[in-house]
> 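Supplied in structure tokens, the structure appears directly below.
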Amino acid sequence: MSYFASYCTRAAEQLKNNPRHKSYLEQVSLRQLEKLFSFLRGYLSGQSLAETMEQIRRETTIDPEEDLNKLDDKELAKRKSIMDELFEKNQKKKDDPNFVYDIEVEFPQDDQLQSCGWDTESADEF
């Protein structure tokens, strides 16, 4: 995490936890405040809006190939927070208009499926 990213995180936490602003920012996620501070940081450092948006996208996107076991606790917590936010955003809730209870999906059973080596042995071998 860069110095500026950690500064934005710290500033967002201080703003959100400030008793004077707490009631106004209750419904605003910490991630939104961090993004706001990142936009301000980019503007004040002379970056264009496109550059700032690209930098924020890089900082808030999870790379599926990244080995999360190699991250320190703070970076891991940040990645988990991003994943939690994405999960909440995509989650279907009972009140959503497209919510369907107990969806059943049929998966194709053709020859295109690849088998794994561990499931090819017979049960007699155990």
Side-chain angles (χ1 to χ4, degrees):
M1 180 184 289
S2 71
Y3 167 76
F4 290 113
S6 64
Y7 173 79
C8 291
T9 300
R10 222 174 21 255
E13 288 170 351
Q14 288 176 354
L15 183 65
K16 188 162 178 75
N17 295 328
N18 186 317
R20 185 174 176 190
H21 307 295
K22 197 170 192 156
S23 63
Y24 300 109
L25 298 175
E26 216 164 44
Q27 301 298 316
V28 179
S29 75
L30 187 60
R31 180 82 46 226
Q32 278 184 297
L33 290 174
E34 287 176 23
K35 284 182 184 179
L36 173 65
F37 276 106
S38 295
F39 276 109
L40 292 172
R41 177 198 69 212
Y43 176 77
L44 293 174
S45 65
Q47 285 183 329
S48 70
L49 181 60
E51 291 170 330
T52 303
M53 289 177 67
E54 176 60 24
Q55 183 176 358
I56 291 171
R57 186 197 62 74
R58 281 193 314 267
E59 291 173 358
T60 59
T61 303
I62 302 292
D63 178 8
E65 300 300 318
E66 181 179 29
D67 187 355
L68 299 178
N69 292 317
K70 294 181 180 178
L71 298 177
D72 62 24
D73 290 343
K74 195 168 191 168
E75 280 295 312
L76 182 60
K78 182 179 177 187
R79 299 297 194 293
K80 285 183 177 182
S81 174
I82 292 169
M83 287 187 270
D84 287 343
E85 185 178 307
L86 187 60
F87 174 79
E88 290 291 326
K89 182 175 137 184
N90 293 326
Q91 182 182 22
K92 297 282 186 195
K93 298 179 178 99
K94 284 185 187 180
D95 301 334
D96 290 341
N98 296 334
F99 178 79
V100 178
Y101 181 77
D102 196 24
I103 295 177
E104 291 185 20
V105 178
E106 290 291 327
F107 293 98
Q109 297 295 323
D110 57 5
D111 293 332
Q112 299 290 336
L113 296 177
Q114 297 178 357
S115 65
C116 297
W118 62 267
D119 63 354
T120 57
E121 297 175 9
S122 69
D124 299 337
E125 295 177 10
F126 293 106

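None of the values given here were measured: they were computed from a predicted structure. Just so you know, these numbers use all the heavy atoms, side chains as well, and skip hydrogens, waters and symmetry mates.
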> Is any NZ, NE, NH1 or NH2 atom of the basic residue among K22 and E26 found under 4.0 Å from an Asp or Glu carboxylate oxygen of the other?
no
> Is the closest side-chain heavy-atom distance between S38 and R41 below 4.5 Å?
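A side-chain contact under 4.5 Å exists here.
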> Assess the residue pair M83 and L68 against the criterion (side chain to side chain contact (heavy atoms under 4.5 Å, CB included)); give the C-alpha distance rounded to whole Å, side-chain angles, the decisive distance to 0.1 Å, and a yes or no.
CA-CA 12 Å; M83 287 187 270; L68 299 178; 3.9 Å; yes
> Check step by step if side chain to side chain contact (heavy atoms under 4.5 Å, CB included) holds for Q14 and H21.
CA-CA 10 Å; Q14 288 176 354; H21 307 295; over 6 Å; no
> Enter the distance from N17:CG to L30:CG here, rounded to the nearest 0.5 Å.
8.0 Å
> What's the shortest heavy-atom distance between L25 and K16, and which atoms?
O-NZ, 2.8 Å
> Do I56 and L49 sit in the same hydrophobic cluster, where Ile, Leu, Val, Met, Phe, Trp and Tyr count as joined when their side-chain heavy atoms come under 4.5 Å apart?
yes
> With sequence neighbours excluded, tell me which residues meet side-chain hydrogen bond (donor to acceptor under 3.5 Å, both in side chains) with S29.
none
> Yes or no on salt bridge (Lys or Arg N to Asp or Glu O under 4.0 Å) for E54 and R57, after CA distance, side-chain angles and deciding distance?
CA-CA 5 Å; E54 176 60 24; R57 186 197 62 74; 2.6 Å; yes
> Can V28 be reached from F37 by stepping across I, L, V, M, F, W or Y side chains whose heavy atoms are under 4.5 Å apart?
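F37 clusters together with V28.
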> I'd like to check the salt bridge (charged side-chain N to carboxylate O under 4.0 Å, His left out) partners of E85; sequence neighbours left out, ordered by chain and number.
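Only R31 meet the salt bridge (charged side-chain N to carboxylate O under 4.0 Å, His left out) criterion with E85.
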> Quick check on K70: does its NZ atom have over 12 non-hydrogen neighbours (other residues, nucleotides or ligands) under 6.0 Å away?
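For K70, atom NZ is not crowded (no more than 12 foreign heavy atoms under 6.0 Å).
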> Which pair of non-hydrogen atoms, one from Q91 and one from D96, has the smallest distance, and what is that distance?
O-OD2, 3.7 Å
> Please answer whether the main-chain N or O of G42 pairs with a side-chain N or O of S45 as donor and acceptor at a distance below 3.5 Å.
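At least one qualifying donor-acceptor pair exists.
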> Quick check on side chain to side chain contact (heavy atoms under 4.5 Å, CB included): which of Q55, Q47, M53, E34 does F39 satisfy it with?
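Result: among Q55, Q47, M53, E34, M53 is the only option passing the side chain to side chain contact (heavy atoms under 4.5 Å, CB included) with F39.
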> Same hydrophobic cluster for L71 and I62, using side-chain heavy-atom links shorter than 4.5 Å among ILVMFWY?
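The answer is yes; both residues are in one hydrophobic cluster.
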> Each residue besides Y101 in its hydrophobic cluster should be listed here, by chain and number; the cluster joins Ile, Leu, Val, Met, Phe, Trp and Tyr at side-chain heavy-atom distances under 4.5 Å.
F99
> Report yes or no: does E51 contribute a side-chain atom to a donor-acceptor pair with the main-chain N or O of S48 at less than 3.5 Å?
yes
> Answer yes or no: is there a side-chain heavy-atom contact under 4.5 Å between I103 and K92?
no
> Would you call Q32 and Q27 a side-chain contact if the rule is heavy atoms closer than 4.5 Å?
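No. Closest side-chain heavy atoms not under 4.5 Å.
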